[in-house]
Every structure is written in C-alpha cells, then in structure tokens.
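As structure tokens, the structure follows; a few thoughts come after it.
In what follows, chains carry the letters A, B, and so on, assigned in the order in which the sequence lines appear, proteins first and then strands, with residues in each chain numbered from 1.
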2 protein chains.
Amino acid sequence: MVSKYLAIYNEIITKIESGEIESNTKLSSENELMKEYSVSRDTIRKSLNLLEQNGYIQKIKGKGSFVLDINKFDFPVSGLTSFKELSEKIGVKSSTIVKELELIKPDKFLMKQLNVSKDDEVWKVIRVREIGDKKIILDKDFFNKKFVPVLTKDICEDSIFEYIENELGLRIGFAKKEITVQQATEEDKKYLDLENYNMIVVVKNYIYLDDTSLFQYTESRHRPDKFKFVDFARRSY
Amino acid sequence: MVSKYLAIYNEIITKIESGEIESNTKLSSENELMKEYSVSRDTIRKSLNLLEQNGYIQKIKGKGSFVLDINKFDFPVSGLTSFKELSEKIGVKSSTIVKELELIKPDKFLMKQLNVSKDDEVWKVIRVREIGDKKIILDKDFFNKKFVPVLTKDICEDSIFEYIENELGLRIGFAKKEITVQQATEEDKKYLDLENYNMIVVVKNYIYLDDTSLFQYTESRHRPDKFKFVDFARRSY
DNA sequence: AAGTGGTCTAGACCACGCG
DNA sequence: GCGTGGTCTAGACCACTTG
C-alpha cells in the first residue's frame, strides 16, 4: 500500500527520466495537477516538495514548477545508495570479493563506533570491490549481531543492504557520512591495486535504524583517482 | 516577516542546542505542541518535518518525536555553508588572502562550467584560506558579471556569500557539489603550504539561483590531511 | 486582473506502539 | 483502547509574476 503522494511523485519522476516531460520546461500547475490526478492540492504539494528536495524540479512563486536537467548522470553516489545499486545504474561490470566474514568481540575502537559493549558480538565483513578488473574499493562493514543474527558469504557477495531491508525487514532511518583522506595502510596495499598511490579516501558511514538505534558502521576505502562524490544541496534555513 | 512554522522550527532548534530540550528524550507530541504554540497541527508538522530533515529529531509512528544527539559538532561542512560561517562556528582563527581579482573573458572550460558565451564577462577571484597560520585551502571563484556588476577586494576578504545574499538580494536556490582527489598543480604548490603532499582534494560547486540560472562556479582545493566532509542523509524514496 | 506557489486552518480517517 | 504520527481533504488568504 503506497500513499498517493508517493505514487504521484514516482510517476512524475518516470515521466521526467523517460523524457516525456522535457527538462527546462514548466510542469503543470498545482491546480491542473489536482484535476489530473483527482486529489487535493495538499497531496500534489507533497509530491512536488519531494521532487524539489531531490533535485528534479525548482518551484518559483508566481511562475510555476520547472524541470531541472541536472539529474542526467553522475548523481547516484550521494545519499544512501549502495555499491550494487550504484554499479547497476552506471552499467559498469563490477564484482565483489569477500575477504573476511566472521563474528568477533569488539575492540575499543569498535565499541565506540558501534556503541556496543564488550560482551556483544559483532559481524565483521571485509570486501573488495573490483571495477573493470581493478581492485578499487575496500569495504569494511561491522554490524551488531543483535540486529543481524545470520550472515553468509552469498549475502555479502550480493547486497547486504537488500538483505537487511527486504529479508530482515529492518528500516533504515538516516545515516551520517564522513569523508577524509588518509595515508594508505598495509591492509589497503594488501587488498587493493593501489599502483603508486599512497593515500586513500575514507568514507565512514554510521547507519541508524528507524528507531534511532545505531545499526552499522562502515568504512569504504577508495583509491583516490577513482573516487567521486556528488551531492545535491538545497539551502536549509 | 517570517512564517510561523519557520519561527517554531528555529525556536525548537535553539532549545535543543542550548540543552533546554535534552537529546535522546521525547519531544512534546504534535497535539501538545499545537496547544503550546496555538497553531494548527499542519503548521507543527511542517516545523517537525524540517527538524527531521536536518537531523535534529527522528519521528517514530505511534511513539513520538525523539531528539537526536548527532549534531553536537562536526556538522557544518555539509550543505551550502560558507567558509566564513564555518570558521566562525568552529571558532578557529582563520583569515582570507585575496590573490587575484579581475574581470576576464571566459575560456572554453569556463564557458562550459558557467554556461556563458565568449562575449560575457566573468569575475575571477582567487583566494587563499589560512587556518592556524597554515595556507590550507585555495578557492577559485567565477561569477557571471551579469549577476554581480561590482566586486571589490574588501568584499572578497569578508564573505562574497553574504554580499550576494544581503547586498545584492540574490536568492540561492540549490547547488551541486562534486568531490574528487587530484594531483596537485603548480598553482596549488605556489599558493598553499602543501608540505609533502602531492595530492589535492577538489570540491567543485555549481551554485544556482532561485530562478534556476547558473550563477557561480567554485573550485575549493584542500590539503588532503585537513579536509573533512560530513553529511547527513535520510533515505529518500 | 488572473494565475501561480506559500502559508494556515479544521476536520477526518488510518496504521502503529504500548499497556 | 488510547495516544501517536501519517495521509488526505476543502477552503481561505497572501505574495509574487505576468499580461
């Protein structure tokens, strides 16, 4: 059961991405859209606000809503998108190699990052992402076993993200992302095709569930020349 | 004239940041807040949605709104915040040195980035940001003269951003940000205290006005060890 | 003056969490 | 069953843009 405003939001996105609604043109006014979809103005406005937030349109008072053409490519790396979704969108052949998969007792660093006690058990997953035959990304994931009782190599090779949302039914609420650049470690050099690079782009991700519990800590370590982060931001008051 | 929901939004932020409302506690329910502020539920909901979007609270159906404690520090680098706002927030002594300020004819690269023709004139501003006596950031800004007729050294040493919003009254709508890591150029080495680092974190910013016109292109070049980008993301449908 | 989006209101029903 | 937030409606007034 999907809400009306989400349905309309998705329908308009489809129209924009398929080119049925051209970019830089005006969208129908809120009044027209009300009639078109037989809903109240507030429902239309919810859909349009979502479109605006996510960079599809820009509303201008007194004039109308205009379709932006920024979203053509290079948008996906933002937000919470996973590696699998990403590589599928870009359409580059890529693969995931699981290097380590085990249950561990957290050390001090992990206890702090994952907000767990020394008696909790934690899944540790280390994966290498290969893009076009080069080992480019080293992913280190840590989950509290409380939330994820079972984890297999197959799941890790596919998408842990999908498993969590679809199979376990856990709903992800929000995430904090931190990007820095560091000296490459021995581990980086061991697992990745670093060529002559001695630095690594580190993306730390703290992922929280809907009920605000910290659920996962992830470190994604990228070869600097292959790293790109794109973000869309609106002025927030 | 500020809208009610923005006023309430800001009031609640103040309460959260001052500690009057403690983190990890429950906020008053929408019903209570209605009475408290003597407004309709919809107005309260607008305020709470803003708070949720910006990472102050998490709403949970059937339970209530909970105050998050993520926003303590390290949040500002996200979004559209300017260097001046940022260093004021962090409270580190910093200064800006204007290296170049001139009107130029755009080359091919700029024509593409700024979406201007060869007959337009473009402001070129090059500034070095000093943090704690070290030259850390090289900022290269380009504006279409059409939007900014006058620009002085004084303005560039203060905040171009404030000048644009307050003096010129231009309203910024949204921005696209792109982060990559590149080899340091001769220009980087000339202007910055790079020490032994030979790479540079490049943050490209495309800034658009309210009416969707591309207004400014900025390249912010950071010494890698001093770079940090923090982002808060909610799952977007 | 007419049309647009922005704000605000009042009321209704629903789905969820908890006791 | 009660209180919570989520969705939807209908109507009103305002500020802004354009002809």
Are any of [X]'s side-chain N or O atoms less than 4.0 Å away from OP1 or OP2 of [N]?
X     : N      : value
A:K4  : D:dT9  : yes
B:S65 : D:dT4  : no
A:R45 : C:dG6  : yes
B:R41 : C:dG11 : no
B:S29 : D:dT4  : yes
B:K46 : C:dG6  : no
A:Y5  : D:dT7  : yes
A:K63 : D:dT18 : yes
A:T43 : D:dT7  : no
B:K59 : D:dG6  : yes

Residues A:R127 and A:D141 bridged, charged N to O under 4.0 Å:
yes
Inspect the contact between A:E30 and A:K59 and indicate whether a charged nitrogen and a carboxylate oxygen are less than 4.0 angstrom apart.
yes
Report the distance from atom [atom1] of [X] to atom [atom2] of [N], rounded to the nearest whole Å.
X      : N      : atom1 : atom2 : value
A:N49  : C:dT7  : CG    : P     : 9 Å
B:Y9   : C:dC8  : OH    : P     : 15 Å
A:D42  : C:dT9  : CG    : C1'   : 11 Å
A:D210 : D:dG5  : CG    : C1'   : 12 Å
A:L6   : D:dC8  : CG    : P     : 8 Å
B:L50  : D:dG5  : CG    : C1'   : 17 Å
A:M34  : D:dA10 : CE    : P     : 7 Å
A:N31  : D:dG11 : CG    : P     : 13 Å

So, B:S29 versus B:N31: side-chain donor-acceptor pair below 3.5 Å or not?
no
A:Y206-A:E178 side chain donor-acceptor pair, cut-off 3.5 Å:
no
Give the nucleotide from the list D:dG5, C:dT9, C:dC8 with an atom nearest to the side chain of B:S3.
C:dC8
According to the interplanar angle, ranging from 0 to 90°, do the rings of A:Y208 and A:F174 count as parallel (below 30°), tilted (30 to 60°) or perpendicular (above 60°)?
parallel
